[in-house]
Amino acid sequence: MPEGDSVHRAARMLDAALTGHVLTKTDFRVPQVATVDLAGRPVDSVCARGKHLLIRIGTDPAQLLTMHTHLMMDGRWEVYAPGERWRVAGHKVRCVLTNSTFEAIGVDLGFLRLFPSRLEPQAVGHLGPDPLGRDWDPDEVRDRMLKEPERAVGLALLDQRNMAGVGNIYRSEALFVCRVHPLTPVGEVPDLPRLIERCFLMLHANRDRERRKTTPAELREPYWVYQRAGRPCFRCGTALDLLRIGPVKLQQDRDAYVCRTCQPDPAA
């Protein structure tokens, strides 16, 4: 499941393959930009902003174009040598960017759009600080979350306007480690800065890993609670629960995994 760490890894991969190289062929397989041809233009940069990926194309800063993509639930980027056979069905490919050395394909992308780079603030300016970005500011995250003190913390953590890049995996894992129930109001979380820091640490620990792991080395299982509903808690042995705590703004996943013993329900 793509979360902030997955998108940052994809951005690094694409940056290495595309930045500084002139595109020899482009193929956009979405109706809105299907007729656009960017061949002959160089890729200026590739970066991630939370779960959003931005590829800037062109030479003149005043005329840069940004290709803005989001992986949603199933999307990914793959890089090949030009002419190399893809390991994915062609109908799943939404975008092809080719230069003399590499060919990058966007597979099952949630969306793809092109616009002048000067308009990036309108596209991603609403996002909160990114734990993997240069703009990271935990105090800003805390202040944004506390603007809605009665909101369930399990929802606030998924709201990308508070903190960009945290998805259901890190939400569930960080809440468990900090012993906070996802329905706890933000204003009643005993140590909100610690919870925010745990999200930061988990994302950083996994930014270079192909397989996520939030548990210590002595545990073979990668997760404390995520997708372990009905199985015993590693701390206390209680069968883990799966909760639905939506609706969530911005179309975030609503499943929350919790140990009712280690994370007591505040309403109980």
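Model, not experiment: these values are computed from the prediction.
Under a hydrophobic-cluster definition in which Ile, Leu, Val, Met, Phe, Trp and Tyr are linked whenever side-chain heavy atoms come within less than 4.5 Å, directly or via other members, Leu23 and Ile105 are assigned to different clusters. Cluster annotation: Leu109 is not connected to Met72 through the hydrophobic network of ILVMFWY side chains, with a link wherever side-chain heavy atoms come within less than 4.5 Å. Cluster membership for Val96 and Leu54, using ILVMFWY side-chain heavy atoms within less than 4.5 angstrom, is not shared. Phe28 and Val107 are members of different hydrophobic clusters when ILVMFWY side chains are connected at heavy-atom separations under 4.5 Å. Under a hydrophobic-cluster definition in which Ile, Leu, Val, Met, Phe, Trp and Tyr are linked whenever side-chain heavy atoms come within less than 4.5 Å, directly or via other members, Val166 and Val141 are assigned to the same cluster.
Under the rule for a salt bridge (charged side-chain N to carboxylate O under 4.0 Å, His left out), the partners of Arg29 that lie at least two apart in sequence or sit in another chain are Asp27. Residues meeting the ring pair (Phe, Tyr, Trp, His ring centres under 6.0 Å) test with His21, sequence neighbours left out: none. Residues that satisfy the side chain to side chain contact (heavy atoms under 4.5 Å, CB included) test with Asp208, not counting sequence neighbours, are Arg12. Applying the ring pair (Phe, Tyr, Trp, His ring centres under 6.0 Å) rule to Tyr170 yields no partners; only residues at least two apart in sequence or on another chain are considered. With sequence neighbours left out, His181 forms a ring pair (Phe, Tyr, Trp, His ring centres under 6.0 Å) with no residue at all. Trp77 is linked by a ring pair (Phe, Tyr, Trp, His ring centres under 6.0 Å) to nothing, counting only residues two or more places apart in sequence or in another chain. Applying the side chain to side chain contact (heavy atoms under 4.5 Å, CB included) criterion to Arg198, with sequence neighbours excluded, gives Ala174, Val177, Cys178, Leu201, Met202. For the side chain to side chain contact (heavy atoms under 4.5 Å, CB included) test, residues two or more places apart in sequence or in another chain that qualify with Phe102 are Ala17, Val79, Asn99. Every salt bridge (charged side-chain N to carboxylate O under 4.0 Å, His left out) that Arg231 has, sequence neighbours left out, goes to Glu221. Ala10 pairs by the side chain to side chain contact (heavy atoms under 4.5 Å, CB included) definition with Leu53, not counting sequence neighbours. Glu197 is linked by a salt bridge (charged side-chain N to carboxylate O under 4.0 Å, His left out) to nothing, counting only residues two or more places apart in sequence or in another chain.
Without hydrogens or angle criteria, Asp191 side chain to Arg194 main chain gives a donor-acceptor distance under 3.5 Å. The main-chain N or O of Val225 is never found under 3.5 Å from a side-chain atom of Gln227 such that the two would form a donor-acceptor pair. The backbone N or O of Tyr226 sits nowhere less than 3.5 Å from a side-chain atom of Ser172 that would complete a donor-acceptor pair. Proximity of a side-chain donor or acceptor of Glu3 to a complementary backbone N or O of Gly167 within less than 3.5 Å is detected. Using a distance-only test at 3.5 Å, with no hydrogens or angles considered, no donor-acceptor pair links the side chain of Arg113 to the main chain of Met67. Looking only at distances, a side-chain donor or acceptor of Glu173 sits under 3.5 Å from a matching main-chain atom of Trp224. Judged by distance alone, with hydrogens and angles left aside, the side-chain atoms of Arg171 form no donor-acceptor pair with the main-chain N or O of Leu157 at under 3.5 Å.
Using a 4.5 Å cut-off on side-chain heavy atoms (C-beta onward), Met145 and Arg161 make no contact. Between Arg211 and Arg209 there is no side-chain heavy-atom pair separated by less than 4.5 Å. Side-chain contact between Leu175 and Val258 is absent, with no heavy atoms from C-beta onward closer than 4.5 Å. Under the 4.5 Å side-chain criterion, counting only non-hydrogen atoms from C-beta, Leu243 is not in contact with Asp255. His68 places a side-chain heavy atom less than 4.5 Å from the side chain of Val124. The shortest side-chain heavy-atom distance between Glu148 and Pro185 does not fall under the 4.5 Å cut-off. Between Arg144 and Pro129 there is a side-chain heavy-atom pair separated by less than 4.5 Å. Side-chain contact check for Pro131 versus Met163: some heavy-atom pair is nearer than 4.5 Å.
Using a 4.0 Å cut-off between charged side-chain N and carboxylate O, Arg260 and Asp265 make no salt bridge. Under 4.0 Å is where a charged nitrogen must lie from a carboxylate oxygen, and between Asp135 and Arg49 at least one such pair does. A salt bridge links Glu78 with Arg76: the closest approach of a Lys/Arg side-chain nitrogen to an acidic carboxylate oxygen falls below 4.0 angstrom. Salt bridge annotation for Asp5-Arg207: absent, with no cationic side-chain nitrogen under 4.0 angstrom from a carboxylate oxygen.
Cation-pi contact between Arg228 and Phe234: present, with separation from the ring centre below 6.0 Å and deviation from the ring axis of at most 45°.
Closest of all the heavy-atom pairs between Pro82 and Ser100 is CG-O, 4.0 Å. Shortest non-hydrogen contact noted between Ala164 and Gly128 is CB-O, 3.4 Å. When every heavy atom of Gly237 is checked against every heavy atom of Pro232, the shortest pair comes out as O-CB, 3.6 Å.
The CG atom of Leu183 lies 11.5 Å from the CD atom of Glu188; values are rounded to the nearest 0.5 Å. Atoms CZ and CZ, from Phe111 and Arg94 in turn, are 14.0 Å apart once rounded to the nearest 0.5 Å. For the atom pair SG of Cys95 and CD1 of Ile55, the computed distance is 6.5 Å after rounding to the nearest 0.5 Å. Taking CD from Gln160 and CG from Leu127, the interatomic distance works out to 7.0 Å, rounded to the nearest 0.5 Å.
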Taking only distance into account, with no hydrogens and no angle test, what donor-acceptor pairs under 3.5 Å do side-chain atoms of residues 37-46 form with protein atoms, sequence neighbours excluded?
from: Asp37; atom 1: OD1; to: Ala39; atom 2: N; distance (Å): 3.0
from: Ser45; atom 1: OG; to: Arg56; atom 2: NH1; distance (Å): 3.1

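The side-chain hydrogen bond (donor to acceptor under 3.5 Å, both in side chains) with Asp130 is formed by just one residue from the set His8, Lys51, His52; it is His8.
Enclosure of atom NZ in Lys213 by more than 12 non-hydrogen atoms of other residues, nucleotides or ligands within 6.0 angstrom is indicated.
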Using the side chain to side chain contact (heavy atoms under 4.5 Å, CB included) rule, take Ile57 and Leu64 through it: C-alpha gap first, then chi angles, then the decisive distance, then the call. CA-CA 6 Å; Ile57 301 170; Leu64 281 181; over 6 Å; no
One pair to check against side chain to side chain contact (heavy atoms under 4.5 Å, CB included): Leu112 and Val33. What are the steps and the verdict? CA-CA 9 Å; Leu112 183 157; Val33 293; 3.7 Å; yes
Please determine whether side chain to side chain contact (heavy atoms under 4.5 Å, CB included) holds for the pair Leu114 and Thr66, giving the CA-CA distance in whole Å, both sets of side-chain angles, and the decisive distance to 0.1 Å. CA-CA 6 Å; Leu114 287 168; Thr66 291; over 6 Å; no
From CA spacing to verdict: side chain to side chain contact (heavy atoms under 4.5 Å, CB included), Ile169, Arg212: CA-CA 10 Å; Ile169 295 174; Arg212 291 192 190 95; 3.2 Å; yes
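Between Trp86 and Tyr80, the angle of the ring planes lies from 30° to 60°, which puts this pair in the tilted group. Under the 30°/60° scheme for interplanar angles, the aromatic rings of Phe200 and His204 are found to be tilted.
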